[in-house]
Q: 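Just dropping this structure here.
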Amino acid sequence: MRTAKPNPHAPLVAGIDFSAPSPQVARQLIGVTLLIDGVGGRIVETEAYDVGEGACHAFAGRNERNATLFGPPGHAYVYRSYGIHWCINFVCREEGHAAGVLIRALEPTHQLDRMRERRGLDEARLLCAGPGRVGQALGIDRSFDGMRLDAAPFSLLAPPRDRPPPAVVRGPRIGITKAAALPWRFGEKGSRFLSRRFAP
DNA sequence: CTAGTGATCCGCT
DNA sequence: GCGGATCACTAGA
């Protein structure tokens with residue numbers, strides 16, 4: 001059994017090594033449960049970003065907005081999208097190497113009523129099907145930027161080991177124009193809680 | 001089903 | 001000024 005003791009030098013949360021390359025982390029996060037103050041669900045869709053490719057917020061260098069991406073792994077990077085939505089990434093690699101995984105969709109499992117309140121919507125399928133919707137359903141805002149993922153209000157729960165791991169599919173990332181060919185989007189095969197279908 | 005559009009912030013060219 | 005790692009809503013095929 002692995003200890004849950006916080007240790008910034010071995011950034012393991014829910015059994016995932018956040019110092020690994022972001023596509024590997026993005027793949028492993030499928031099936032992990034993400035809760036904020038006990039509200040959330042199973043991660044069913046992610047995207048990886050890395051400073052070495054043009055779609056990454058850190059591609060053009062460090063600035064005030066993306067500074068957290070350059071920090072230590074195992075922390076939350078929260079940014080404002082299109083001036084309206086809050087989206088959350090998990091920071092990967094190591095201090096100075098900007099990389100992260102965007103949480104694009106959850107299968108709601110915990111405190112759906114709380115998420116319904118925040119989203120003003122009943123249908124479970126649409127509560128967390130997209131990065132902006134995840135942010136709204138979990139009550140994320142700028143104050144979460146830079147928080148560590150191994151302490152309150154965050155909980156990351158590894159997938160149950162007594163069941164087969166989810167089947168994972170991959171494809172090109174959504175909504176970007178640069179480095180659009182990289183297959184760095186990951187999702188649970190057949191999930192009805194994805195932001196969009198994966199091409200067959 | 002697809003296509004088009006407005007909302008609204010902020011760092012960059 | 002420009003343009004996004006988006007969403008909700010509308011109109012039309």
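Protein chains get the first letters and strands the later ones, always in sequence-line order, with residue 1 at the start of each.
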Q: For B:dT8, which nucleotide in any strand shown is its Watson-Crick or wobble partner with both distances under 3.5 Å?
A: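 B:dT8 is paired with nothing.
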Q: So, does A:S195 use its side chain to make a donor-acceptor pair with the main chain of A:G130 at under 3.5 Å?
A: no
Q: Which comes earlier along DNA chain C counting from the 5' end, the contact point of A:C56 or that of A:L126, where each point is its nearest nucleotide?
A: A:C56
Q: At less than 4.0 Å, is any side-chain N or O atom of A:R65 found next to OP1 or OP2 of B:dC12? Yes or no.
A: no
Q: What's A:I84 touching, base or sugar-phosphate or nothing? Going by heavy atoms closer than 4.0 Å.
A: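 Answer is base: heavy atoms of A:I84 come under 4.0 Å of a base.
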Q: At 4.0 Å (heavy atoms only), tell me whether A:G83 reaches a base, stays on the sugar-phosphate, or touches nothing.
A: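 It contacts base atoms.
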Q: Answer with yes or no whether A:Y79 presents, from its side chain, a donor or acceptor under 3.5 Å of a partner atom in the base of C:dA5.
A: yes
Q: Rounded off to whole Å, could you give me the CG-to-P distance for the A:L127 and C:dT6 pair?
A: 19 Å
Q: Could A:E53 and A:R173 be called an ion pair, given the rule that one side-chain N must be under 4.0 Å from one carboxylate O?
A: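 So A:E53 pairs with A:R173 through a salt bridge.
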Q: To the nearest angstrom, how far is A:I140 atom CD1 from C:dT6 atom P?
A: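 About 15 Å, once rounded to whole Å.
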Q: Can you name the one residue among A:N89, A:V25, A:I43 that meets side-chain contact (heavy atoms from CB on, under 4.5 Å) with A:V101?
A: A:V25
Q: Using a cut-off of strictly less than 4.0 Å, decide whether A:R133 has a side-chain nitrogen or oxygen near OP1 or OP2 of C:dA8.
A: yes
Q: Quick one: is A:R196 getting a side-chain N or O under 4.0 Å of the C:dC7 phosphate, OP1 or OP2?
A: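 Checking A:R196 against C:dC7: no side-chain N or O falls below 4.0 Å of OP1 or OP2.
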Q: Just to be sure I understand the rule, does A:R185 reach a base, reach only the sugar-phosphate, or reach nothing, if contact means heavy atoms closer than 4.0 Å?
A: nothing
Q: Looking at A:H57, I'd like to know whether one of its side-chain N or O atoms comes within less than 4.0 Å of OP1 or OP2 on C:dA5.
A: yes
Q: Report yes if the ring of A:Y82 lies under 5.5 Å from the six-membered base ring of B:dA7 with planes under 30°, and no otherwise.
A: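 Here the ring of A:Y82 and the base of B:dA7 are not stacked, as the 5.5 Å and 30° limits are not both satisfied.
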Q: Find which nucleotide of DNA chain C each of A:Q136 and A:N89 is nearest to by heavy atoms, and output the residue with the more 5' nucleotide.
A: A:N89
Q: Do A:D50 and A:S22 get their side chains close enough for a donor-acceptor pair, meaning under 3.5 Å?
A: no
Q: Under a 4.0 Å N-O cut-off, is there an ion pair linking A:R116 with A:D113?
A: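 Result for this pair is yes, salt bridge flagged.
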Q: Examine B:dC12: is either OP1 or OP2 under 4.0 Å from a nitrogen or oxygen in the side chain of A:N63? Give yes or no.
A: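 A:N63 to B:dC12 OP1/OP2: side-chain N or O found under 4.0 Å.
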Q: So which nucleotide does C:dA5 pair with, by the Watson-Crick or G-U wobble rule with both distances under 3.5 Å?
A: none
